[in-house]
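Chain A is the first sequence line, chain B the second, and so forth, proteins listed ahead of strands; every chain is numbered from 1. Please read these numbers as outputs of a predicted model, since none were measured by experiment.
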Number of protein chains: 2
Amino acid sequence: MDGPPSYETVGRLSRYRRLLTRRVETGSEGVYSHELAAVAGVSAAQVRRDMMAVGANGSPTRGYNVEKLVECLSVELDDPEGSRAALVGVGNLGRAMLSFFQGRRPKLSIVAAFDREPYKVGRVVCGCRCYSMDEMSQVVIDKKITVGIIAVPSSAAQAVASELEDAGVRGILNFAPVALRISPETFSEDIDMTMALERVAYFAGRNS
Amino acid sequence: MDGPPSYETVGRLSRYRRLLTRRVETGSEGVYSHELAAVAGVSAAQVRRDMMAVGANGSPTRGYNVEKLVECLSVELDDPEGSRAALVGVGNLGRAMLSFFQGRRPKLSIVAAFDREPYKVGRVVCGCRCYSMDEMSQVVIDKKITVGIIAVPSSAAQAVASELEDAGVRGILNFAPVALRISPETFSEDIDMTMALERVAYFAGRNS
DNA sequence: TTCACGCTGTGAATTCATACACAGCCTATC
DNA sequence: GATAGGCTGTGTATGAATTCACAGCGTGAA
């Protein structure tokens, strides 16, 4: 199981880093796989496998050095030149994404937002400048944006995705409940909240 | 592969239903597995397996009858008595969930919202009444709420989850990036948007 | 009537992710 | 110095989900 970290692993690495960053502030030096596993909600064996994937190694007696581990995770997760993301659709969901991301990560930031509504254009929302949709391609190119977040209605999602792709975006986080047709070069991840809620309702009923 | 539909399958069933509901309006009668597969973004074989899971059957020449299929999916997905959900945390994310759900499903609706901010309490947000956090247990019990949506800051998430569970909730959709400690009786699904964005950024960089 | 086509339904194979289980090692203790 | 304990690192097993591949069948055409 060598080679690049898998889809699932990358997600957990991100979670580990966030948890460890908190821990660094409390001043603890070492962390055992079972401790990290407990706060991350996974098994200890899983944690150790994930550590293998990033080449981190711990000592049987001290566990993993927290600072080194954060460093190691960051080397794996972050693009050395940083990644810039664009948000398309400044509705409730878009603002939620912006406020989550207010300067959390030095190497990953949302540097532009786009919306169709004229009264939003030109304003600064949650620390991010809002542009008109017409400016999208140009801004994406100028700012070297490689990640797009689609938070527009389903009917507009495909057009936005295509335009982002043509402008050079190589990863898309899509909240619209439609299957995007994009080139296999471009990575995309869908988050379908309606589906998630229906699923929870389903299994809630089954467990009662 | 008999027995109850799996986690992944249930998600897709929800998606199929939404896509088919649109199609019903256009008046088409039958649908082939490869057609549904194309719009859902999965393989044809996957669609047929999922159809097996709900006991739907199609004809080799006409495909699956759309109306019957929607009916069949609804029988599987919906609780006959309906499910009621509570939203905790009426921030941007909470409002996004509410607006997504404005009367979409007859058998699944968000019937109450809760927030700590006094100025939100008593107001109606996106068609949903907002209560104070103090009223949570009582309202959940009174309205027979079985599903909870946690859209509060991480620091408050565990307390909310425990209180919901004690009040009878059996399914939780959690947007806070923490691992909830809940009874195994209760189903929970986590949506971690920060993690998702970091993952997209990771794979975007890798493909460029 | 016969034939060929295209789709469904499904056993079997494959791929992927997770959990198990233990050898090896380092430290602390006696 | 010897010993015991506990954690890491990893081969192996298990389990889940997806895809492959094809038999069976109903329909429309010749």
Side-chain angles (χ1 to χ4, degrees), chain A residues 1-16 20 28-66 68-69 72-73 76 179 184 187 189-190 195 199 202-203, chain B residues 1-16 20 28-66 68-69 72-73 76 179 184 187 189-190 195 199 202-203:
Chain A
M1 145 70 174
D2 255 354
S6 73
Y7 178 84
E8 301 293 336
T9 300
V10 171
R12 284 191 300 269
L13 295 181
S14 160
R15 180 183 296 189
Y16 296 149
L20 290 169
S28 51
E29 282 209 357
V31 61
Y32 295 118
S33 61
H34 66 262
E35 295 177 301
L36 188 47
V39 292
V42 300
S43 72
Q46 184 74 78
V47 169
R48 293 202 296 276
R49 274 242 183 265
D50 291 336
M51 294 304 109
M52 277 176 61
V54 296
N57 51 1
S59 117
T61 42
R62 314 219 178 289
Y64 300 87
N65 179 286
V66 176
K68 267 193 178 159
L69 199 43
C72 196
L73 292 170
E76 181 64 38
F187 179 85
E189 175 153 345
D190 297 343
M195 189 187 84
R199 181 154 56 190
Y202 178 87
F203 287 107
Chain B
M1 148 70 172
D2 254 354
S6 73
Y7 179 82
E8 301 293 337
T9 300
V10 170
R12 285 190 300 267
L13 295 181
S14 161
R15 180 183 294 189
Y16 296 150
L20 290 169
S28 51
E29 282 209 358
V31 60
Y32 295 118
S33 62
H34 67 262
E35 296 177 301
L36 188 48
V39 292
V42 300
S43 72
Q46 183 74 81
V47 169
R48 293 203 296 276
R49 272 237 184 271
D50 291 337
M51 294 304 109
M52 278 176 59
V54 296
N57 52 2
S59 117
T61 43
R62 316 218 176 290
Y64 300 87
N65 179 285
V66 176
K68 267 192 182 160
L69 199 44
C72 197
L73 291 170
E76 182 63 39
F187 178 86
E189 175 153 346
D190 296 344
M195 188 187 84
R199 181 154 57 189
Y202 177 87
F203 286 107

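Protein atom CE of B:Met52 is 14 Å distant from nucleotide atom C1' of D:dT19, rounded to whole Å. Note: CZ (B:Arg62) to P (D:dG26) measures 12 Å, nearest angstrom. In this structure, A:Leu36 places its CG atom 14 Å from C1' of D:dC7, rounding to the nearest Å. One can place CG of B:Leu69 at 11 Å from P of C:dT8, the figure rounded to the nearest angstrom. Atom CG in A:Asp50 sits roughly 11 Å away from atom P in C:dA19 (whole-Å rounding). Rounding to whole angstrom units, CD of residue A:Glu8 and P of D:dA16 are separated by 16 Å. The interatomic distance linking A:His34 (NE2) with D:dG5 (C1') rounds to 14 Å, in whole Å. B:Asn57 places its CG atom 14 Å from the C1' atom of C:dT10, with the value rounded to the nearest Å.
Of the candidate nucleotides D:dA17, C:dA17, C:dT18, C:dT18 has the atom nearest to the side chain of A:Arg12. Picking from D:dA17, C:dC26, D:dT8 the nucleotide with the shortest atom distance to the side chain of A:Thr61 gives C:dC26. In the set C:dC7, C:dG9, C:dA19, the nucleotide with an atom closest to the side chain of B:Tyr64 is C:dG9.
Applying side chain to side chain contact (heavy atoms under 4.5 Å, CB included) to A:Glu76 and the options A:Pro4, A:Ser14, A:Pro5 leaves one that passes, A:Pro5.
With A:Tyr16 contributing its side chain and A:Gly11 its backbone, the two residues share no donor-acceptor pair below 3.5 Å. Although no hydrogens or angles enter the test, the distance criterion places no donor-acceptor pair under 3.5 Å between the side chain of A:Arg15 and the main chain of B:Met195.
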Where do N or O atoms of nucleotides 20-22 of chain C meet protein N or O atoms at under 3.5 Å, pair by pair?
from   : atom 1 : to      : atom 2 : distance (Å)
C:dA21 : N6     : A:Arg48 : NH2    : 3.2

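The two residues A:Glu35 and A:Tyr32 come nearest to each other via the heavy atoms OE1-N, 2.8 Å.
In this structure, A:Val42 and A:Ser59 both approach DNA chain C, and ranking their closest nucleotides by distance from the 5' end singles out A:Val42.
Evaluation of the side-chain contact (heavy atoms from CB on, under 4.5 Å) rule for A:Glu8 yields A:Ser6, A:Arg12 as partners, not counting sequence neighbours.
Regarding contacts with the backbone of D:dT19, a side-chain N or O of B:Gln46 is found under 4.0 angstrom from either OP1 or OP2.
The aromatic rings of B:Tyr7 and A:Phe203 lie parallel to each other, their planes meeting at an angle below 30°, with 60° marking the opposite boundary.
The shortest side-chain heavy-atom distance between B:Met51 and B:Leu69 falls under the 4.5 Å cut-off.
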